[in-house]
Participant: 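Starting off with a structure, shown below.
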Number of protein chains: 2
Amino acid sequence: MPKTPVWKSIATALTSEIAAGHYRPGDKLPTESELSARFGVNRHTVRRALQDMQEKGLTHARRGAGVFVLAEATDYPIGKRVRFHQNLEAAGRMPAKRILTLQTRPCDRDEASALQLKSGDPVHVYEGLSLADNVAVALFRSVFPADRFPGLLEDLDHMRSVTRALAAVGVKDYTRASTRLTAKTATATQALQLNIAEGAPILRTVGINVDTDGCPVEYGHTWFVGDRITLVVED
Amino acid sequence: MPKTPVWKSIATALTSEIAAGHYRPGDKLPTESELSARFGVNRHTVRRALQDMQEKGLTHARRGAGVFVLAEATDYPIGKRVRFHQNLEAAGRMPAKRILTLQTRPCDRDEASALQLKSGDPVHVYEGLSLADNVAVALFRSVFPADRFPGLLEDLDHMRSVTRALAAVGVKDYTRASTRLTAKTATATQALQLNIAEGAPILRTVGINVDTDGCPVEYGHTWFVGDRITLVVED
DNA sequence: GGCTATTTGTACGTATGTATG
DNA sequence: TCATACATACGTACAAATAGC
């Protein structure tokens, strides 16, 4: 049972009230003092909750005026689980993978940070191309902690599936802790591998997958060809 | 001459040192105590600076371990030109909308399909710019079935909020049925409106919002400036 | 494994500054 | 002008996670 901070409970309570229509977009929330009195906490604890909501785009504070509910509240938050490649299969195409590299090497600082390793610890690196109907639609690179999964490379080579290979080494379930999406343009190397023009639009995703204990098991990058791929996010 | 908060000066100083290579991705920053001693401020003031940097994706704290520099630092617009406007940007985001067009016209095939209308049925179209601190970060276009919401345009014009305008015509709640994400490059028109270069990377989202009965009420497109926006999918 | 020191996270308190209405 | 309300900054104390012995 994870202990929930007080400020988070307050943020949840206020968010629920907004979602329930108790406060509508444009409305002014009670003052920090009123809220701290209502919840029986210090004003700074309320501020921590309001700050969390502001980061999520729910509210917006104006010094001297008050805290207001934003109209965009329900507009943006994108769903919970992202399923890549989904539209490929739905379209009746034949997804395939082509392995580019399978190797074990010392991790760099970036990978160490994401996987909570020490810089230089060994990692398995799985790079490849995703194909649909023999057309390259994405480049991917998955990085795994090698010390924890000694035999993973063979499984990846054999099964050609991250999910199944991880299952083979004891990771029954894993979830995406976070995914960041941004638009880029293709580098020369990427353009060559994906058979597109340099500077063509690329949708890059960076994600960390964690096991049921919250321990990172995979650090993955994917570069989708903008013209050939659309990601689907469903609630 | 705007008075700069101490925490912001500290964040700027630490960010500069990261940019200068003094601290590299994966490195551990000095402890909060050491930094507060170095800058001669309270630990909470340092925490406020570190928190600001974490929001920008520059650093990442691990309780009991320390604060570490993340690799993605250069992906975020804190790097170059924005540093001139950093005071404005970090002063708190001011989301705003600028209406470009508000009109009613017959729908095209695509819109008819998304909204479950017949081709040529009237739709309200709401196009505009999303601004943060007076910088355009996204273009959007929302399409609504006009027959179902006759007076929606006036509400949109007046309230400048899709959520509230829909509430005014009886749609108390709506949810995002699906979102599709893809990478594009900016067209000449988009580049002009978003004040970016033609061909710059754009993150496009296409979504359909449905009411509690599952009936589509809005068909929306958003074009985010890749350099200025990173979408984060959590959980 | 256990223990301890270190380090970040939470929560409280107090005071003062600054913009709003 | 003035009270209100959020922003900054100082302080204290303890909890929770980590790392090292």
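Proteins come first, then strands; the chains are lettered A, B, ... in the order of their sequence lines, and each starts at number 1. Keep in mind it's a predicted model, so treat the numbers as computed, not measured. What's counted below: heavy atoms across the whole structure, side chains too, no hydrogens, waters or symmetry copies.
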Participant: Of all the nucleotides listed (C/dT8, C/dC12, D/dT8), which has the minimum atom distance to the side chain of A/Val41?
Facilitator: C/dC12
Participant: A/Glu32 pairs by salt bridge (charged side-chain N to carboxylate O under 4.0 Å, His left out) with which of A/Arg63, A/Arg48, A/Arg43?
Facilitator: A/Arg43
Participant: Under 3.5 Å, is there an N or O donor on one side and an acceptor on the other linking the side chain of A/His44 and the base of D/dA7?
Facilitator: no
Participant: Considering only side-chain heavy atoms of B/Ala65, which listed nucleotide, D/dT12, D/dT18, C/dT8, is closest?
Facilitator: D/dT18
Participant: Would you kindly give the CZ-to-P distance between B/Arg48 and C/dT10, to the nearest whole Å?
Facilitator: 14 Å
Participant: Answer whether the closest heavy-atom distance between the side chains of B/Thr222 and B/Leu139 falls below 4.5 Å.
Facilitator: no
Participant: C/dG9 P sits how many Å from A/Asp52 CG, rounded?
Facilitator: 14 Å
Participant: What's the separation between atom NE2 in B/His44 and atom CG in B/Leu50, rounded to the nearest 0.5 Å?
Facilitator: 12.5 Å
Participant: Considering non-hydrogen atoms only, spot the tightest contact between A/Pro150 and A/His124 and give its length.
Facilitator: O-NE2, 3.5 Å
Participant: Specify the separation, in whole Å, of atom NZ of B/Lys28 and atom C1' of C/dT6.
Facilitator: 9 Å
Participant: Ignoring backbone atoms, test whether B/Arg62 places a side-chain nitrogen or oxygen under 4.0 Å from the OP1 or OP2 oxygen of D/dA19.
Facilitator: yes
Participant: Please state how far atom CZ in A/Arg63 lies from atom P in C/dA19, giving the value in whole angstrom units.
Facilitator: 6 Å
Participant: May I have the distance from B/Lys8 (atom NZ) to D/dT8 (atom P), rounded to whole angstrom?
Facilitator: 7 Å
Participant: Before you tell me yes or no, could you show the steps for A/Glu17 and A/Arg38 under salt bridge (Lys or Arg N to Asp or Glu O under 4.0 Å), namely the whole-Å CA-CA distance, both residues' side-chain angles and the distance that decides it to 0.1 Å?
Facilitator: CA-CA 14 Å; A/Glu17 291 177 14; A/Arg38 169 185 158 189; 2.4 Å; yes
Participant: Measure the distance from CZ on A/Arg43 to C1' on D/dG11 and round it to the nearest whole Å.
Facilitator: 16 Å
Participant: Using a 4.0 Å heavy-atom cut-off, does A/Arg47 contact any base of the nucleic acid, only the sugar-phosphate backbone, or nothing at all?
Facilitator: base
Participant: What's the closest nucleotide to the side chain of B/Asn42 if the choices are C/dA11, D/dT8, D/dG11?
Facilitator: D/dG11
Participant: B/Leu50 has an atom CG; how far is it from atom P of D/dA9, in whole Å?
Facilitator: 14 Å
Participant: Measure from the side-chain heavy atoms of A/Glu32 and tell me the nearest of C/dG9, C/dA11, D/dC6.
Facilitator: D/dC6
